[in-house]
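Chain letters run A, B, ... following the sequence lines, proteins first, then strands; residues in each count from 1.
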2 protein chains.
Amino acid sequence: MPWEKSFDEELALEKAMEVFWSRGFDSASIAELIAQTGINRGSLYNAFGGKQPLFVRTLLKYDRERRKTLLAELEALDDPRRAICEFFDKIVSSTVADTDRKGCFLFNTVSESGVHDAEVNEIVANGLRELEGFFRRSIEVGQARGDIRKDIDPAPRASALLALALAIRVLGRGPYAETALRAIADEASNLIA
Amino acid sequence: MPWEKSFDEELALEKAMEVFWSRGFDSASIAELIAQTGINRGSLYNAFGGKQPLFVRTLLKYDRERRKTLLAELEALDDPRRAICEFFDKIVSSTVADTDRKGCFLFNTVSESGVHDAEVNEIVANGLRELEGFFRRSIEVGQARGDIRKDIDPAPRASALLALALAIRVLGRGPYAETALRAIADEASNLIA
DNA sequence: AACAGTTTATACCGAACGGTCAATACAATG
DNA sequence: CATTGTATTGACCGTTCGGTATAAACTGTT
């Protein structure tokens, strides 16, 4: 039997993810992916099949290792109101700490919807659905426990929270600094007062 | 004196604007700009100087002819509460009617902040500032007239409204359909109840 | 008719793009 | 040690990119 792979595939995916994350699909060049992953051009095509399949792999990795785990952590708090507030606290902190202004990989990909195929768009759509579901469930449970006002309609309010989260991430890539982002996050918290 | 310009510069700008608007700066190719404007390659460089100066021209045109005029119209209503509600009604309608999913040129450019120079980013930042200013003024005047609850802090609430507007436009380019967008718009209206 | 200024059309530039491929290096098997 | 089959490598492919250059066509003035 022959040789086994010599480079760490998961590590290469991590590096590739950062490239797509900060540059988007179109603007990320193969040359940059090669430079950042450290693996050779041919190896990249051999291991991942090309730019698009590699993008899908990194997007799935992000969705699994960042979005899903974050939401799982917050749900584990078993304190819906606090979970939502911490969510917004966290994305503001991440955005401010994100010196190269990558934003959120999923939200970035939403803005790029036009250039992606159905598979990618479905990954993104599913991520948004689950985030919105987290908000809705949190509101409902919070209401049942008396921590959140009963006159709030959970579904549309969950949509609004997702919208604010997206905006914080997008505006954070651009001209908005911490104070302004924090103000939006606070308004989000007010929405589940 | 010689010949006058034969093509309509303003019309060419309009066409070029649509290209940048839907594709963004990077993904818009000179070939497509030529095809859509109908003017020749050499003429384009002669008349506008190149891709980047042309982009700036179209962005300024958008800012002047769409954002500024829309806000002026709404302020002319002299009914702050209704102005805000109509704003959100309008962006949902535009987004739904926008079959090629261009979104909002200014908001799109925010997501692209990384690829643009200071001049472009300042045009965008100024647009956002003025939109936020419109929201803040509307809230303040509405409060003074007793149409909007006094316990609302105008500045952060204005930021939140801008955030919701941005999200509606971005999500509308992707997986969100009219009902979901309308839900977010309704939440925005609730914010100035 | 000569001229001036502009638009057109087309050819061309070097660079970067995504992607392919044949040669080589290599570890496990016989 | 020879064989086997994959991993690696760097050269190479055709295409497209933004931008330039040149020459011809055209219209108004002089």
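Judged as a side chain to side chain donor-acceptor pair (under 3.5 Å), the pairs with a partner in residues 28-40 of chain A (not counting sequence neighbours) are, in order, A:R23-A:E32.
B:L44 has its CG atom 17 Å from the P atom of C:dT6, to the nearest Å. Whole-Å rounding puts the A:F20 CZ to C:dG18 C1' distance at 11 Å. In this structure, the CD1 atom of B:I34 is 12 Å from the P atom of C:dT10, given to the nearest Å. Computed from coordinates, the B:I39 CD1 to C:dT6 P distance equals 15 Å when rounded to whole Å. Protein atom CZ of B:F55 is 16 Å distant from nucleotide atom C1' of D:dG18, rounded to whole Å. In this structure, the CZ atom of B:F48 is 16 Å from the P atom of D:dG18, given to the nearest Å.
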Output side-chain donor-acceptor pairs under 3.5 Å for residues 180-193 of chain B, partner residues at least two apart or in another chain, one line each.
from: B:R182; atom 1: NH1; to: B:D89; atom 2: OD1; distance (Å): 2.8
from: B:R182; atom 1: NH2; to: B:E178; atom 2: OE2; distance (Å): 3.1
from: B:E187; atom 1: OE1; to: A:R157; atom 2: NE; distance (Å): 2.5
from: B:E187; atom 1: OE1; to: A:R157; atom 2: NH2; distance (Å): 2.9
from: B:S189; atom 1: OG; to: B:A185; atom 2: O; distance (Å): 3.3

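Counting any heavy atom pair closer than 4.0 Å across all strands shown, A:S43 reaches a base atom.
An OP1 or OP2 oxygen of C:dT6 is reached within less than 4.0 angstrom by no side-chain nitrogen or oxygen of B:N46. At the phosphate of C:dC17, OP1 or OP2 sits under 4.0 Å from a side-chain N or O atom of A:S29.
Remark: A:F55 pairs with A:F20, A:F25, A:F105, A:H116 by the ring pair (Phe, Tyr, Trp, His ring centres under 6.0 Å) rule, at least two apart or across chains. Partners of B:R66 under the salt bridge (Lys or Arg N to Asp or Glu O under 4.0 Å) rule, at least two apart in sequence or in another chain, are B:E14. Partners of B:F88 by ring pair (Phe, Tyr, Trp, His ring centres under 6.0 Å), not counting sequence neighbours, listed by chain and number: B:F135.
With B:S43 contributing its side chain and B:I39 its backbone, the two residues share no donor-acceptor pair below 3.5 Å.
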Can you give me the N/O atom pairs linking the protein to nucleotides 19-22 of chain D at distances under 3.5 Å, or say none if there are none?
from: D:dG19; atom 1: OP2; to: B:Y45; atom 2: OH; distance (Å): 2.8
from: D:dG19; atom 1: OP2; to: B:K51; atom 2: N; distance (Å): 3.1
from: D:dG19; atom 1: O5'; to: B:Y45; atom 2: OH; distance (Å): 3.3
from: D:dG19; atom 1: N7; to: B:R41; atom 2: NE; distance (Å): 3.2
from: D:dG19; atom 1: N7; to: B:R41; atom 2: NH2; distance (Å): 2.9
from: D:dG19; atom 1: O6; to: B:R41; atom 2: NE; distance (Å): 2.7
from: D:dG19; atom 1: O6; to: B:R41; atom 2: NH2; distance (Å): 2.9

